Peer 1: 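First the structure, which I've put down as structure tokens, then a few questions once you've had a look.
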Amino acid sequence: MMAPLHDIAHVGHVELLTPEPEKSLWFFTEIMGLTENGRQGDSVYLRTWDDYEHHSLKLTGHSTSGIRRTALRASSQEALDRRVKALEAAGRGVGWIDGDEGIGPTYLATDPDGHEFELYWESEWYDPPEELRPSLKNQAQAYPGRGVCVRRLDHVNYLAAQVEPNGDFVSELLGGEVTEQIRLDEGKIAAQWLHFGNKSYDLVYTEDWTGSNGRLHHIAFATDTREDILRAADIFLDNDVFIETGPHKHAIQQTFFLYVYEPGGNRIELCNPVARLILAPDWKTVTWTQAERAKGQAWGLKTIESFHTHGTPPVPAK
């Protein structure tokens, strides 16, 4: 496998759609501990306390749930220009659009499944107001001490009718690398985990058993420790937030996890990958077999049925 090109630095932010904007806003601010950093139309900009940019999440009121767009920050203007050229040559580019709040010139593209990506370089670093100014100057914002207090946006997991073409899109056009994957007995790739830097994964594609296109599996926020996730489970319990599965440990990527549904119906993961990084420039993709995955998660918890079928927006009933 090729090492990442490093033209994409990291996942910058996501725009999440919700049919319950006020309830979703309560969830992300009071329960997850994000901080509001502006509003525009039907959207609220939210940030975690240690993401350095203007926002981590753009929460938009909409008729349904799902993800509108994932924003990827390039590692330089030259890197952005290279990725735009590659996307245009492959016919996956849509064109330049006005940048979001805090973001400069932005290029819109789509993966083969229809998920939207925006690529940018220019970014406004967060300058906290006095009441949110941290004591330590190498921290983006003071620790809010509210709810779960997630530290940063970690990754996005998409549902896709076919996994492999989308993994190829990230690898060949965005410069990512597949760190782990699942291959079924018939030879089909059922899921792929891809990264752009030293984190073990930034984007994930999972087969959508409904055969639909363009849906979201989940977005994930990282906590400082695994114990934060145990505490979060009690916070969710006391606030009637639906816990889908966990806390537990994934076999793939060894991430400690907890999955819940926010009030708009989108699946949200709390994750803690401990200190697992991909430092090897010649990393070899780890491939899991169907039989290995049938064993369940790291400590034996079986993967629940809804993990393969629940996504947003919901699939209309036939």
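The structure displayed is predicted, hence computed values, not measured ones.
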Peer 1: Determine which pairs satisfy side chain to side chain donor-acceptor pair (under 3.5 Å) with at least one residue from residues 160-169, sequence neighbours left out, and list them in order.
Peer 2: none

Peer 1: Minimum heavy-atom separation for N266 to S65, with atom names?
Peer 2: OD1-CB, 3.6 Å

Peer 1: Evaluate the side chain to side chain donor-acceptor pair (under 3.5 Å) criterion for residues T285 and Q192: first the C-alpha distance (whole Å), next the side-chain angles of each, then the deciding distance (0.1 Å), finally the verdict.
Peer 2: CA-CA 10 Å; T285 301; Q192 285 186 326; over 6 Å; no

Peer 1: Enter the distance from R47:CZ to H54:NE2 here, rounded to the nearest 0.5 Å.
Peer 2: 9.0 Å

Peer 1: Are any of the side-chain nitrogens in R83 or D7 under 4.0 Å away from the carboxylate oxygens of its partner?
Peer 2: yes

Peer 1: Can you sort out the partners of Y158 under ring-ring contact (aromatic ring centres under 6.0 Å, His included), two or more places apart, ordered by chain and number?
Peer 2: H115, F117, Y205

Peer 1: Donor-acceptor pair, distance only, cut-off 3.5 Å: does the side chain of K23 make one with the backbone of G264?
Peer 2: no

Peer 1: With side chain to side chain donor-acceptor pair (under 3.5 Å) as the criterion, how do H250 and Q297 come out once you've worked through the C-alpha distance, each side chain's angles and the decisive distance to 0.1 Å?
Peer 2: CA-CA 5 Å; H250 284 303; Q297 301 306 324; 2.9 Å; yes

Peer 1: Between D228 and R226, does any NZ, NE, NH1 or NH2 come within less than 4.0 Å of an OD or OE carboxylate oxygen?
Peer 2: no

Peer 1: Can you list the residues that meet the side chain to side chain contact (heavy atoms under 4.5 Å, CB included) rule with S123, with sequence neighbours excluded?
Peer 2: E53, R73, I103, Y120

Peer 1: Between E207 and R215, is the closest basic N to carboxylate O distance under 4.0 Å?
Peer 2: no

Peer 1: Check whether any side-chain heavy atom of V178 lies under 4.5 Å from a side-chain heavy atom of W193, and answer yes or no.
Peer 2: no

Peer 1: Just jot down the side chain to side chain donor-acceptor pair (under 3.5 Å) partners of T309, sequence neighbours excluded, or say none.
Peer 2: none

Peer 1: Just jot down the ring-ring contact (aromatic ring centres under 6.0 Å, His included) partners of H155, sequence neighbours excluded, or say none.
Peer 2: Y201, H218

Peer 1: Quick one: which residue pairs count as a salt bridge (Lys or Arg N to Asp or Glu O under 4.0 Å) with a foot in residues 241-265, not counting sequence neighbours?
Peer 2: E244-R267

Peer 1: Quick one: which residue pairs count as a salt bridge (Lys or Arg N to Asp or Glu O under 4.0 Å) with a foot in residues 112-123, not counting sequence neighbours?
Peer 2: R69-E116, R69-E118

Peer 1: Enter the distance from I235:CD1 to E30:CD here, rounded to the nearest 0.5 Å.
Peer 2: 11.5 Å

Peer 1: Which pair of heavy atoms, one from A251 and one from R293, lies closest together, and at what distance?
Peer 2: CB-NH1, 3.9 Å

Peer 1: If I take atom CD1 from residue I219 and atom NE2 from residue H13, how far apart are they, to the nearest 0.5 angstrom?
Peer 2: 11.5 Å

Peer 1: Should we count CH2 of W299 as having more than 12 external heavy atoms under 6.0 Å?
Peer 2: yes

Peer 1: Side-chain contact, heavy-atom cut-off 4.5 Å: W26 with S24?
Peer 2: no

Peer 1: Side chain to side chain contact (heavy atoms under 4.5 Å, CB included) with H308: which residues, sequence neighbours excluded?
Peer 2: W209, T303

Peer 1: Checking side chain to side chain donor-acceptor pair (under 3.5 Å) against Y45, which of Q40, E15, H55 comes through?
Peer 2: Q40

Peer 1: For D98 and T106, what are the C-alpha separation, side-chain angles and deciding distance, and is it a side chain to side chain donor-acceptor pair (under 3.5 Å)?
Peer 2: CA-CA 6 Å; D98 291 335; T106 301; over 6 Å; no

Peer 1: Classify the angle between the aromatic ring planes of W49 and Y143 as parallel (below 30°), tilted (30 to 60°) or perpendicular (above 60°).
Peer 2: perpendicular

Peer 1: Partners of S43 by side chain to side chain donor-acceptor pair (under 3.5 Å), sequence neighbours excluded?
Peer 2: T60

Peer 1: Less than 4.5 Å apart, side chain to side chain, heavy atoms only: is that true for V44 and L46?
Peer 2: yes

Peer 1: For E130, give me all partners under side chain to side chain contact (heavy atoms under 4.5 Å, CB included), at least two apart in sequence or on another chain.
Peer 2: R133

Peer 1: Salt bridge check: are R92 and D111 linked by an N-O gap of less than 4.0 Å?
Peer 2: no

Peer 1: Going by side chain to side chain donor-acceptor pair (under 3.5 Å), name the residues that satisfy it together with R231, two or more places apart in sequence or in a different chain.
Peer 2: none

Peer 1: Is the CG atom of D238 crowded by more than 12 outside heavy atoms at less than 6.0 Å?
Peer 2: yes

Peer 1: Can you sort out the partners of E88 under side chain to side chain contact (heavy atoms under 4.5 Å, CB included), two or more places apart, ordered by chain and number?
Peer 2: V84, Y107

Peer 1: Is the backbone N or O of T29 less than 3.5 Å from a side-chain atom of R146, with the two atoms forming a donor-acceptor pair by type?
Peer 2: yes

